[in-house]
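Just so it is clear, the values below take in all heavy atoms, side chains as well, and ignore hydrogens, waters and symmetry mates.
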There are 2 protein chains.
Amino acid sequence: MLTDSLGYHICRVCGDKASGFHYGVFCCEGCKGFFFRSVRANKRYQYCKRSEQCLVLRSSRNGCKFCRMQRCLEVGMSYESVKMGRCRKTDLSTRKQMLTQVADAQDELILSVYSAYMKATEQLNQSNSNDTHSVKVIEAEAVEHTLYNDYLPSIVRFVALFAREQPIFRKLSTDSQKILVKSAIIEMVLLLDAPNFDLQDNVIIHKRRGFSVKTSCAGVFGKLLADCHMFFQRLLSIGLIPVELSLLIALSIFSSDRLSGQASQDQLCMNETEDCLLMALKCQLLMNHGRHINILPSVIEVLCVIRGLTTVYYDELMSCHVAGQLS
Amino acid sequence: MLTDSLGYHICRVCGDKASGFHYGVFCCEGCKGFFFRSVRANKRYQYCKRSEQCLVLRSSRNGCKFCRMQRCLEVGMSYESVKMGRCRKTDLSTRKQMLTQVADAQDELILSVYSAYMKATEQLNQSNSNDTHSVKVIEAEAVEHTLYNDYLPSIVRFVALFAREQPIFRKLSTDSQKILVKSAIIEMVLLLDAPNFDLQDNVIIHKRRGFSVKTSCAGVFGKLLADCHMFFQRLLSIGLIPVELSLLIALSIFSSDRLSGQASQDQLCMNETEDCLLMALKCQLLMNHGRHINILPSVIEVLCVIRGLTTVYYDELMSCHVAGQLS
DNA sequence: CAATCAGGTCACAAGGTCAG
DNA sequence: CTGACCTTGTGACCTGATTG
Ligand SMILES: [Zn+2]
Ligand SMILES: [Zn+2]
Ligand SMILES: [Zn+2]
Ligand SMILES: [Zn+2]
């Protein structure tokens with residue numbers, strides 16, 4: 001059943017509390033009304049200011065009619081599916097108020113994380129496309145140069161930009177901030193570039209940047225990527241959508257256990273943030289992957305795997321990486 | 001509910017009649033439009049001539065965009081926190097006209113009282129800082145000298161300056177004016193210096209002027225301050241903001257019952273002023289302390305307590321005080 | 001019956017309008 | 001630029017039809 005942690009149905013369109021099964025999906029009164037009005041008036045919402053990428057959440061659902069309608073159709077609302085059978089509610093007597101304050105705060109968090117992800121991704125794509133024209137370099141030395149002077153710094157910039165967009169991150173001490181950014185480099189490579197790395201005949205190719213790494217001779221990085229090939233397949237098979245990936249990235253960066261030497265205030269702060277992020281991710285996964293209810297464990301497993309890989313390769317990678325390049 | 005005495009919602013930003021719940025707070029059409037335009041145009045109001053302290057009232061709200069925007073944000077207006085559709089429970093059927101004339105007059109009164117308070121406070125702080133360097137005097141006689149020749153006269157100057165700034169006060173007979181100023185001395189000590197008096201080991205210390213008074217031997221004043229320690233705590237716990245304190249001070253000074261022997265014209269005039277001040281204070285308390293609706297009774301109680309203390313100590317204090325120092 | 005949902009209702013808010 | 005007024009929705013409740 002598509003229920004949130006409190007046991008209530010949530011709207012597949014916006015994540016608000018669902019009032020029942022309307023036009024073929026569980027949704028809230030708002031989305032029900034919106035869909036009904038749109039269909040009846042035969043509305044065509046043609047324009048979206050943000051390239052049809054708006055997140056549709058309780059607090060943002062009225063921001064873009066186009067994306068709201070798109071989302072309605074995506075999750076399967078249809079005027080014809082009205083005749084489909086009714087749905088019995090399992091739970092009926094307990095009619096508690098859902099904590100809208102919590103919901104609002106969660107919306108805010110998701111929106112903030114997602115917009116930071118979009119911003120940082122845009123910047124990253126620019127540096128990707130800048131390098132697209134460069135010839136493929138196979139020689140070990142040139143590859144190392146590309147890796148340590150182009151590729152990894154661009155990842156670090158991504159992490160730094162993404163993190164700094166989160167108010168909670170800016171509240172941490174400078175030391176804590178640096179630790180979190182540096183520690184997340186490997187995990188970002190794995191999460192961000194899973195679709196871009198390809199393995200062919202023991203050579204790992206980055207499709208968009210046009211560099212290749214021989215698994216046998218490219219040092220730490222070659223070993224790491226060789227290890228990860230299976231991981232990439234698994235991650236991609238989950239089929240996370242951008243919002244979910246952005247939350248996963250945030251969870252990976254904002255890790256309280258990396259601040260064990262820092263102020264306990266920072267640790268507590270991160271701990272709380274982790275909790276909120278996990279709740280938000282859970283809620284999003286429920287909304288977006290109703291059919292496969294067991295998706296959260298897979299995502300948690302992904303987190304564990306990349307943490308493990310970081311533990312194994314971090315020190316070795318850092319010793320190669322010029323520390324001064326960290327901004 | 002944030003309603004004024006007539007049962008209407010008031011604008012949390014400027015105190016005008018609120019037209020509804022906009023961008024997360026009850027506010028008027030003007031503030032709604034102002035906030036909307038500011039956010040949409042991404043305006044940054046950088047400069048305020050009056051050190052960012054402007055009172056934002058119906059009649060003054062267009063005087064300083066910076067402070068109006070600041071106030072909007074202070075009371076929690078947010079472009080993201082829009083909540084559409086019908087409200088869950090609210091019912092306000094009684095809809096009458098609010099008397100804008102009354103509102104205008106009230107604004108004028110508040111602005112006048114507040115600016116007089118700021119002016120008089122500034123003068124008082126100067127005399128405070130002049131004395132800060134002086135050594136602490138513990139001997140009873142020297143304390144008495146400080147009290148009666150420095151401290152109380154500065155309070156009298158405060159009251160006189162504050163009162164003379166009010167047009168209504170200048171219309172009173174000279175006798176009435178003198179009575180009001182003299183009668184308010186004790187109340188001013190209590191209202192103005194509540195944050196400055198500290199009790200330690202039966203010694204009362206004035207933090208900013210640097211004199212101390214032994215509760216056991218400093219005559220009337222010592223007894224008075226010893227009595228007031230609890231009162232100070234209570235007053236401070238209410239957390240009045242400067243505008244509110246200025247209105248409370250005005251209410252304390254402009255008391256019609258002190259003019260019982262004077263011209264009935266003066267009495268009527270003060271009576272009306274008291275009414276207006278009380279309405280204005282009530283309105284301000286509603287605007288500024290929405291969460292604690294029971295704040296007005298506490299403030300009224302404060303007024304009663306200081307009147308009571310004046311009754312008890314006034315004659316005794318006056319017999320010590322050299323009458324000639326009254327200007 | 002009670003439970004459920006399509007469709008209606010209408011108080012209410014966002015954002016536009018335009019004289020002042 | 002301001003704000004009273006207006007237009008265009010929005011969504012918490014209602015209503016009545018349908019189902020077991
Ligand atoms: Zn919804
Ligand atoms: Zn959109
Ligand atoms: Zn206002
Ligand atoms: Zn100002």
Length of the line joining [X]:[atom1] and [N]:[atom2], which is rounded to integer Å:
| X | N | atom1 | atom2 | value |
| --- | --- | --- | --- | --- |
| A:Glu29 | C:dC10 | CD | P | 16 Å |
| B:Arg61 | D:dC1 | CZ | C1' | 13 Å |
| A:Tyr45 | D:dT10 | OH | C1' | 11 Å |
| B:Asp16 | D:dT2 | CG | C1' | 13 Å |
| A:His22 | C:dG8 | NE2 | P | 15 Å |
| B:Phe26 | C:dA14 | CZ | C1' | 16 Å |
| A:Lys49 | C:dG15 | NZ | C1' | 11 Å |

Fill in: Pair B:Lys119 + B:Glu122: basic N to acidic O under 4.0 Å
no
Fill in: B:Glu244 side chain to B:Ile241 backbone, donor-acceptor under 3.5 Å
yes
Fill in: Side-chain donor/acceptor of B:Glu165 to backbone N/O of B:Ser112, under 3.5 Å
no
Within less than 4.0 Å of OP1 or OP2 of [N], is there a side-chain N or O belonging to [X]?
| X | N | value |
| --- | --- | --- |
| A:Arg58 | D:dT10 | no |
| A:Asn62 | C:dA13 | no |
| A:Tyr23 | C:dT4 | no |
| B:Tyr79 | C:dG15 | yes |

Worksheet item: What is the distance from atom SG of A:Cys64 to atom CG of A:Leu55, rounded to the nearest 0.5 Å?
Response: 11.5 Å
Discussion item. By nearest atom, which of the nucleotides C:dC5, D:dG11, D:dC1 is closest to the B:Lys65 side chain?
Written reply: D:dC1
Fill in: Proximal nucleotide (of D:dT10, D:dC1, D:dG3) relative to the B:Lys43 side chain
D:dC1
Fill in: Strand-adjacent residues in residues 34-41 of chain A, judged by heavy atoms under 4.0 Å from DNA chain C
A:Phe36, A:Arg40
Practice prompt. Quick one: do B:Val302 and B:Leu191 satisfy side chain to side chain contact (heavy atoms under 4.5 Å, CB included)? Show the steps, please.
Written response: CA-CA 9 Å; B:Val302 163; B:Leu191 291 178; 4.1 Å; yes
Worksheet item: Heavy atoms, side chains only, cut-off 4.5 Å: are B:Phe34 and B:Arg61 in contact?
Response: no
Item to complete: Please tell me if the side chains of B:Gln53 and B:Tyr114 come closer than 4.5 Å, counting only heavy atoms from C-beta onward.
Response: yes
Discussion item. Should the side chain of A:Lys32 and the base of D:dG11 be counted as holding a donor-acceptor pair, with the cut-off at 3.5 Å?
Written reply: no
Item to complete: For B:Gly30, report the nucleic acid contact type (base, sugar-phosphate, nothing); a contact means any heavy atom under 4.0 Å.
Response: sugar-phosphate
